[in-house]
Amino acid sequence: MRTVAVVGASLAGLSAARSLRKQGYDGRLVVIGDELHRPYDRPPLSKEFLAGTLGEADLSLETDDEDLRAEWLLGARAAGLDRAERAVRLADGREVRADGIVIATGAVARTLPGSEGLAGVHTLRTLDDARALRDELAGGGRLVVIGGGFIGAEVASTAYALGLDVTVVEAAPTPLAGPLGARMGDVVSALHMDHGVRLLCGVGVKGLSGERRVDAVLLEDGRSIPGDIVVVGVGARPCVEWLEGSGVELDNGVKCGADGRTSLAGVVAVGDCANWYDPRAGAHRRVEHWTGARERPDAAIATLLAGGAVEPGVPRPPYFWSDQYGVKIQFAGHAAAADSVTIEAGAADDRDVLAVYRRAGVPVAVLGMNQPRLFTRWRKQLAATSS
């Protein structure tokens, strides 16, 4: 291969670029990113950066002495993929021809219909999003978070520490039931009530009120929740529209094998946009976690450089963490695969707990709240059991 194009300049794209050099590729390397910023770390955006305890320079994912010998095309949005010409078309009319292509375009935050142009309404996905929200939170007031997932919960925790009046609205009966299961989702989401943050569950949002600036969130049950600032945290959708008609198979993102290979030879996908096959589950899963974006590019790049001639391994069980109200939450595996959950250490009421999820007696997931040592031990055991 003479040229490899990495489309996406966040963690997954940077990890792919690093892996290319690490695995011996010495040809032309082009990294394309739609943001103007160099690669930065996203997890702190809802926590330390939003709280003002971490600066922009601290978010950098690159070391001072790092040189990937790459051409960086930043502020350049991918608009199409021409498989006949092996070219990535950019929105500004340019084309990047490449022998190998890594798709790492990530995901974009979902918005609330009707909120366009209304001041005080935010999503949180990018550095620019975090800058705007941080400036608003600094003024205090009433915050309503729509969505009780991890991003919403972290924003609520950060805003609470900054002294704002916070309400979290969640359409599901139990927040975090998807990733953690209903029982432990209830335990983790109780952190809001422990700290005086209002949590309204089982009710959807009808819309927002306000002329130029939001002043309330309207619920489907008729209630109106006053709010000076609203954060919409209702998930993200993969950025794959630019691939329509390219021949790359799309299904909840880019449909991939267990090694990141796509339906087109010489094209692999990594990160939040990649729907990888999971041999353990016998199904495809799109994993939107930092660890996956960091680890999986190694396998995808090995596949790309070998022309698909390598045998795919079994990806490690997905792992993610969250910091809320001073509690460190860690999770590995798939809660949906479990038929039982047992508390192995600590007490749920104390928010100091280690819970193991099992299926037919075999561990399939583990959750830790302020249990880093035990969690690490169980995570290693889970990876050994799953391989």
query: Does the side chain of S322 pick up a donor-acceptor pair with the side chain of Q324 at under 3.5 Å?
result: yes

Mind listing the side-chain donor-acceptor pairs of residues 228-240 below 3.5 Å, one per line with the distance, residues two or more places apart or on another chain?
unit_1, atom_1, unit_2, atom_2, d
D228, OD1, R142, NH2, 3.0
D228, OD2, R142, N, 2.7
D228, OD2, R142, NE, 3.2
R237, NH1, E241, OE2, 2.2

query: Is atom NZ of K206 surrounded by more than 12 heavy atoms (other residues, nucleotides or ligands) closer than 6.0 Å?
result: no

message: Can you see whether T291 engages E295 through a side-chain donor-acceptor pair at a distance of less than 3.5 angstrom?
response: no

Just distance, no hydrogens or angles: give the donor-acceptor pairs under 3.5 Å from side chains in residues 371-380, sequence neighbours left out.
unit_1, atom_1, unit_2, atom_2, d
Q371, NE2, D352, OD1, 2.9
T376, OG1, P372, O, 2.8

- request: Flag the pair H334 / Y357 as yes when their ring centroid distance falls below 6.0 Å, and as no otherwise.
  value: no

query: Is it true that the side chains of T3 and D99 contain a donor and an acceptor less than 3.5 Å apart?
result: no

message: Would you say Y40 and R42 are linked by a side-chain donor-acceptor pair, where the criterion is simply a distance under 3.5 Å?
response: yes

message: Looking at D135, I'd like to know if its CG atom is crowded, meaning that more than 12 non-hydrogen atoms belonging to other residues, nucleotides or ligands lie closer than 6.0 Å.
response: yes

field: Polar side chain donor-acceptor pair, H37 to D128, under 3.5 angstrom
entry: yes

Tabulate below the donor-acceptor pairs under 3.5 Å that side-chain atoms of residues 113-124 make, not counting sequence neighbours, or state none.
unit_1, atom_1, unit_2, atom_2, d
S115, OG, L112, O, 2.6
E116, OE1, G114, N, 3.2
H122, NE2, E136, OE2, 2.8

query: Can a donor-acceptor pair be found between the side chains of R358 and T342 at a distance below 3.5 Å?
result: yes

task: Determine whether the aromatic ring centres of Y319 and F331 lie less than 6.0 Å apart.
output: no

